[in-house]
Amino acid sequence: MDYTNAFIQATLSPGEKVYMFLPRGWENQGKVLKLKKSVYGHAQELLAWFKKLKQGLEDTGFRPSSMDPCLFISDKVIRVIYVDDCLIFARDIKDLDAAIQKMVDIGFQLQ
């Protein structure tokens with residue numbers, strides 16, 4: 001499973017101030033934009049995304065493994081996270097569908 005536009009789904013921390021120059025071709029060259037969300041290429045995009053994903057998984061009943069921070073376990077489903085991809089395992093397909101739907105219900109975009 002893949003999270004669509006994963007990094008731009010993540011909001012930056014309230015105290016984090018990140019600015020970028022306007023892209024070439026835009027008017028007002030030399031001005032900067034203050035970002036509200038992470039963007040591809042931003043140095044902390046992975047951390048912002050992982051924090052958002054971890055919170056979403058915990059909100060839907062998953063807990064991180066004490067052995068591997070990318071392994072999340074619930075009563076019936078196991079998830080392994082690699083950047084913006086996810087392997088998901090369960091004995092029953094209905095449990096997989098329910099776990100995926102919970103993430104969609106709280107606002108995650110999935111493929």
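Quantities reported herein were computed from a predicted structural model and do not represent experimental measurements.
- Y19 belongs to a hydrophobic cluster whose remaining members, ordered by chain and number, are F21, V32; membership requires side-chain heavy atoms of ILVMFWY residues under 4.5 Å apart, directly or through intermediates.
- No continuous path of hydrophobic side-chain contacts links Y82 to I73 [ILVMFWY only; heavy atoms under 4.5 Å].
- Residues forming a side chain to side chain donor-acceptor pair (under 3.5 Å) with D105 (at least two apart in sequence, or on another chain): Q101.
- Between F72 and the options I88, L53, L57, I78, a side chain to side chain contact (heavy atoms under 4.5 Å, CB included) holds for only L57.
- Residues W49 and V83 approach most closely at NE1-O, 3.0 Å, considering heavy atoms.
- At a threshold of 4.5 Å between non-hydrogen side-chain atoms, the residues R91 and K76 do not count as touching.
- Distance check, rounded to the nearest 0.5 Å: CH2 of W26 to CG of L33 gives 8.0 Å.
- Not counting sequence neighbours, the partners of L87 by the side-chain contact (heavy atoms from CB on, under 4.5 Å) test are V80, F89.
- Within the structure, every pair that satisfies the side-chain hydrogen bond (donor to acceptor under 3.5 Å, both in side chains) test and touches residues 57-68, not counting sequence neighbours, is listed here: K54-E58, Q55-D59.
- Between F108 and G56, the shortest heavy-atom distance links the atoms CE1-CA, 3.9 Å.
- Taking all atoms of both residues into account, the shortest heavy-atom contact from G61 to S74 is O-CB, 3.5 Å.
- Listed by chain and residue number, V77, D95, L96 satisfy the side-chain contact (heavy atoms from CB on, under 4.5 Å) test with A90 (two or more places apart in sequence, or in another chain).
- The salt bridge (Lys or Arg N to Asp or Glu O under 4.0 Å) analysis of residues 23-33, with sequence neighbours excluded, yields no pairs.
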